[in-house]
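When a residue number appears, it is its place in the shown sequence, counting from 1.
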Amino acid sequence: MTTTSAHTETHDDHDAHHAKIYLAILMALLFLTGLTVAVSYVDLGPLNIVVALAIATLKASLVGLFFMHLLYDRPINGMILCAGFMFLGLLLSFCLLDVDNRLQVAPTNHVVPKASGILVPVPAAPGEAPAAAPAKEAK
């Protein structure tokens, strides 16, 4: 008594199918890498960072889904990956929001402390009155 299986795909066909998928993902990753390089030469203003991060996120998603097999794994692992990307995006957005609010901090004092504890006046810029000499410290 022989039993036949409805599953007629052989192991070689299965491997060939996965090889085609991996080759397609490789081509997509190479294309996205070339796109990243091409976009870096285009001045998009503040959108340069957004476009570069979007391409990098897409490439990381492809690697995670196919090469790390998250597409075929339990859904909780994919949700953990997506949550990680969301938190990364949130933290990067906080950093990007802060960049425009930073000011060039200029020192307000005219005396530079030395490691020896003796205060040395800063040389005056051209056209500026020299700083007053600091008082000597008592020992």
Establish whether [X] and [Y] are linked, either directly or via other cluster members, by ILVMFWY side-chain heavy-atom contacts under 4.5 Å.
{"X": "Ile80", "Y": "Val63", "result": "no"}
{"X": "Tyr72", "Y": "Ile25", "result": "yes"}
{"X": "Val50", "Y": "Leu58", "result": "yes"}
{"X": "Ile21", "Y": "Leu71", "result": "yes"}

About how many Å separate [atom2] of [Y] and [atom1] of [X], when rounded to the nearest 0.5 Å?
{"X": "Thr36", "Y": "Leu53", "atom1": "OG1", "atom2": "CG", "answer": "10.5 Å"}
{"X": "Leu23", "Y": "His18", "atom1": "CG", "atom2": "NE2", "answer": "14.5 Å"}
{"X": "Asn77", "Y": "Leu70", "atom1": "CG", "atom2": "CG", "answer": "6.0 Å"}
{"X": "Asp73", "Y": "Leu65", "atom1": "CG", "atom2": "CG", "answer": "11.0 Å"}

Geometric class of the Phe67/Tyr22 ring pair [parallel <30°, tilted 30-60°, perpendicular >60°]: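 Tyr22 and Phe67: parallel rings.
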Side chain proximity check, Ile55 to Lys59, heavy atoms < 4.5 angstrom: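 Answer yes - side chains close enough.
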4.5 Å side-chain heavy-atom contact, Leu92 and Ile49: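 Leu92 does not reach Ile49 side chain to side chain.
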Leu62 vs Leu32, side-chain contact (heavy atoms from CB on, under 4.5 Å): CA-CA, chis, key distance, verdict: CA-CA 11 Å; Leu62 287 174; Leu32 290 171; 4.0 Å; yes
Contact list for residues 76-97, test ring pair (Phe, Tyr, Trp, His ring centres under 6.0 Å), sequence neighbours left out: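 For residues 76-97: none.
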Nearest non-hydrogen partners of Val37 and Ser40, listed with the distance: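 That closest heavy-atom pairing would be O-OG, 2.5 Å.
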Nearest heavy-atom neighbours spanning Val39 and Asn48: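 Answer, listing the atom of Val39 first, then Asn48: O-OD1, 4.4 Å.
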